Amino acid sequence: MEKIRIRGGQRVNGVVPISGAKNSALPLLASSILSGSSLKLSNIPSLLDVNTMLSLLGSLGATYLVSQDSIYSNTVTLETDSICRYTAPYDTVRKMRASILALGPLLARFGQCKVSLPGGCAIGVRPVDLHLRGLEALGAKVELKDGYIDATARDGLKGADFTFPLVTVTGTENIMMAATIADGVTVLRNVAQEPEIVDLANCLNRRGARISGHGTDVIVIHGVTSLKEAEYNILPDRVEAGTYAIAAGITGGRVDLIGGNLADFLSSFIEKMKQIGLCFSEIENGLRVESSGEIAPINISTEPYPGFPTDLQAQTMALLCLADGESLISENIWENRFMHAAELMRMGACISISGAHAHVKGVKQLRGAPVMATDLRASFSLVLAALAADDYSTVDRVYHLDRGYCCVEKKLADCGVVIERISE
Ligand code: UD1
C-alpha cells in the first residue's frame, strides 16, 4: 500500500501541464469497439483507469500499441478487428465502473454482450438502469443473470426516440455510441451536455458517424453501417485543471495551467472561485490562477454540466474549510459524496453534514494528520488540505488518486512542494 507524505504550509507556485481528460479517454477508448478500423488517440493520460480500460479491450481480443509522448501522456493505437469475446467480467468492472461503456459498442457491433453489473460504490448506489432502458428502446433484449447484464440484438439495433428521465453522462455516451451504427435515426432527449460527450461525438463524426446536437440536450444520430480509421487528440482534463486552481487558492500561490482552452469548460467553477477570491487570466495555451490572499465563504450546489461539477466538490470543500465565514455545499448528483468531510475534520476542519448538505465553518488553520483517501476526488481534497496544513500529513490509499490524477507528486514538486510517495 502506498502513501503520500506532504509538508504543509507551502505555496503552490509554478506551471502545471494539464493531462488529457480521463472522462474523455475512457469513452473514446471504448468507442474503438464499434468498428474493425483502427483508431489512434493522442493526449491519453497515464492513469490506472486507462490501463484498466486497455486491459478490458485486450481481454475482448483487441490489440493496442501505447507510445509515450511525454511522462504525462501517450498515444494509443487500437486494432479492434480481432475482437472475438463479448464479456466484460466482474473483476474488471468492479475496479472501474466506466467498464460499462463497453456495453453499447459491443451490442451494436456484435449483437450480443455480457457486462457485469457494476453495483454500488463509495460515492453512491450508481445504478445503470437508464443505460439498459436506452438500449431496450433501440430494440435490445436485456436480461439480468448471475450479476451480469446479458444483452442481445440478433437483428441489430434500430433507431428510436428516447428521453432520459435523468441526466446521465455515461448513459448518454453508451446509447449515443450504440446508435451510431444502428439502423435508422435515433433522437436522444434530456442528454448530458458535458464537454467529454462533445469530444466523443466529434471523434465518432471524424470516423464517419452522423451525430448532431452534442453539447445541447437533444442529440440526433443518423445510423451508419461502419466507421473508418481516424486519429484524434482528446480534450484537456477540466477536473484536473480545477483541482490545481484550488491548490493555488488554498496555499496563497499562483499556477499556470497549460493544456488548451480550459476556461470555456470551467465557467461555473471559475465564477464561484472568483467569488471566493481567486483571480483568473487567460494565457497562451491555458489559464493563470492566482490567490488574492482572501478566501471568502460561498454556497455551492452541484449540477449536471454546465452547472458546478460534482467532481470538484470535494476539492472546493477543502478550500472552504479555510474561508472567513460559513459556506453551504449541496451535493445533488451523488448521495454519499461527503466522505472526505470526516477526514478533513481530523485535520481541524469544522463541518457538519445533514443529508445532501454540508455546512462548512471556516477555521484559521488546518493541522497536519494521517488521513485516508476514500474515493478519487476525495483523495485530492485531502492532498489540498495537507498542502495548507501546519505540519506534515500522510494520505493513505493513494491508489484512488492514481486512478484519475497523472503524476501528482511530479506536478506538485515542480511547483515547489515538498512531497514524497512512501511504499510499504
Ligand atoms: C460520470 C463521470 C463522473 C461524474 C459523473 C457526474 C465518467 C467516467 N464519470 O459518471 O466522474 O462524477 O458523471 O458528473 O465520465 N443514474 C441513474 N441511472 C442510470 C445512470 C445514472 O439513476 O442508469 C443517476 C446516478 O445515480 C446519479 C446521476 O444519475 O445520481 C448521474 O449519474 P451519471 O451522470 O450516470 O454518472 P456517471 O456517468 O456514472
Side-chain angles (χ1 to χ4, degrees), residues 3-13 122-123 242-253 255 272-273 275-278 291-300 302 312-331 336-398 400-401 405 408-409 412 415-422:
K3 297 179 183 182
I4 282 184
R5 187 163 184 264
I6 299 169
R7 190 168 88 198
Q10 309 181 71
R11 277 175 204 256
V12 176
N13 272 330
I123 62 172
T243 302
Y244 283 98
I246 295 175
I250 203 168
T251 62
V255 290
K272 286 292 181 186
M273 290 299 131
Q275 289 170 25
I276 293 178
L278 273 67
S291 154
S292 65
E294 306 285 315
I295 304 179
I298 49 153
N299 296 343
I300 67 161
T302 63
L312 284 167
Q313 179 261 107
Q315 303 88 315
T316 304
M317 183 184 282
L319 177 62
L320 292 175
C321 286
L322 289 166
D324 185 16
E326 195 167 330
S327 305
L328 174 66
I329 301 178
S330 303
E331 172 56 57
N336 193 24
R337 205 171 198 178
F338 284 141
M339 280 173 310
H340 41 283
E343 295 301 294
L344 291 170
M345 280 153 75
R346 298 189 56 252
M347 300 178 77
C350 181
I351 304 166
S352 68
I353 308 284
S354 72
H357 307 286
H359 295 266
V360 185
K361 203 164 156 199
V363 295
K364 290 264 175 280
Q365 179 70 61
L366 291 170
R367 296 188 300 269
V371 285
M372 185 90 81
T374 49
D375 71 64
L376 166 54
R377 306 303 171 189
S379 57
F380 216 116
S381 77
L382 301 177
V383 170
L384 292 167
L387 288 169
D390 64 353
D391 202 347
Y392 280 93
S393 298
T394 44
V395 181
D396 205 340
R397 301 205 176 156
V398 287
H400 288 295
L401 202 63
Y405 287 97
V408 177
E409 302 99 284
L412 284 173
C415 291
V417 169
V418 177
I419 179 169
E420 62 174 335
R421 186 175 286 244
I422 308 164

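Because the structure is predicted, anything quoted here is derived from the model rather than measured.
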Can you tell me how far the NZ atom of Lys361 sits from the NE2 atom of His359, to the nearest 0.5 Å? 12.0 Å
What's the spacing between Ile250 CD1 and Leu322 CG if we round to 0.5 Å? 5.0 Å
Determine the minimum heavy-atom distance between Val255 and Ala248, stating which atoms define it. CG2-CB, 3.8 Å
Does a side-chain heavy-atom distance below 4.5 Å link Glu343 with Val395? no
Between Val371 and Asp396, is a side chain to side chain contact (heavy atoms under 4.5 Å, CB included) present by the stated rule, with each step listed? CA-CA 6 Å; Val371 285; Asp396 205 340; over 6 Å; no
Within a strict 4.5 Å, meaning less than it, do heavy atoms of the Leu312 and Thr243 side chains meet? yes
Below 4.5 Å, heavy atoms only, C-beta onward: do Phe380 and Val408 meet side chain to side chain? yes
State, yes or no, whether a side-chain contact exists between Leu320 and Met317 at a heavy-atom distance under 4.5 Å. no
Carefully, step by step, assess His400 and Thr374 under the rule side chain to side chain contact (heavy atoms under 4.5 Å, CB included). CA-CA 7 Å; His400 288 295; Thr374 49; 5.6 Å; no
If you apply the rule side chain to side chain contact (heavy atoms under 4.5 Å, CB included), what do you find for Leu319 with Leu384, and how did you get there? CA-CA 8 Å; Leu319 177 62; Leu384 292 167; over 6 Å; no
Sub-3.5 Å donor-acceptor pair from the side chain of Ser292 to the main-chain atoms of Leu278, do we have one? no
Looking at CD of Gln313 and CD1 of Ile300, how far apart are the two atoms once the value is rounded to the nearest 0.5 Å? 6.0 Å
Minimal non-hydrogen separation, Ile353 against Ala341, with atom names: CD1-CB, 3.8 Å
So do the side chains of Tyr405 and Arg377 get within less than 4.5 Å of each other, counting heavy atoms only? yes
Quick one, Lys272 and Thr316 - any side-chain contact, counting heavy atoms below 4.5 Å? no
Where is the tightest heavy-atom contact between Ala314 and Ser381, given as atom of each residue plus distance? O-CB, 3.1 Å
Do Gln10 and Thr251 have side chains that approach each other closer than 4.5 Å (heavy atoms only, starting at C-beta)? no
Please check: side-chain N/O of Ser327 versus main-chain N/O of Ile298, any donor-acceptor pairing under 3.5 Å? yes
Donor-acceptor pair, distance only, cut-off 3.5 Å: does the side chain of Lys3 make one with the backbone of Met372? no
Any chance you could lay out the side chain to side chain contact (heavy atoms under 4.5 Å, CB included) test for Phe338 and Ile329, step after step, and finish with the verdict? CA-CA 10 Å; Phe338 284 141; Ile329 301 178; 4.1 Å; yes
Verify the neighbour count for atom CG of Asn299: are there more than 12 heavy atoms of other residues, nucleotides or ligands below 6.0 Å? yes
Do the side chain of Asp390 and the main chain of Gly9 share a donor and acceptor less than 3.5 angstrom apart? no
Any side-chain heavy atom of Val360 sitting closer than 4.5 Å to one from Cys321? yes
Shortest non-hydrogen contact from Ile351 toward Ala358: CG2-CB, 4.3 Å
Find the distance between CE (Met339) and OG (Ser379) and round it off to the nearest 0.5 Å. 11.0 Å
For the residue pair Leu387 and Ala247, what are the closest heavy atoms and their distance? CD1-CB, 4.3 Å
Distance, nearest 0.5 Å, that separates SG of Cys350 from CE of Met345: 7.5 Å
SB check Glu331 Arg337 (cutoff 4.0 Å): no
Does atom CZ of Arg11 have more than 12 heavy-atom neighbours from other groups under 6.0 Å away? no
About how many Å separate OG of Ser393 and CD1 of Ile4, when rounded to the nearest 0.5 Å? 12.0 Å
Using a cut-off of 6.0 Å, state whether more than 12 heavy atoms not belonging to Gln275 lie near its atom CD. yes
Provide the closest heavy-atom pair for Gly368 versus Ala389 in the form atom of the first, atom of the second, distance. N-CB, 3.5 Å
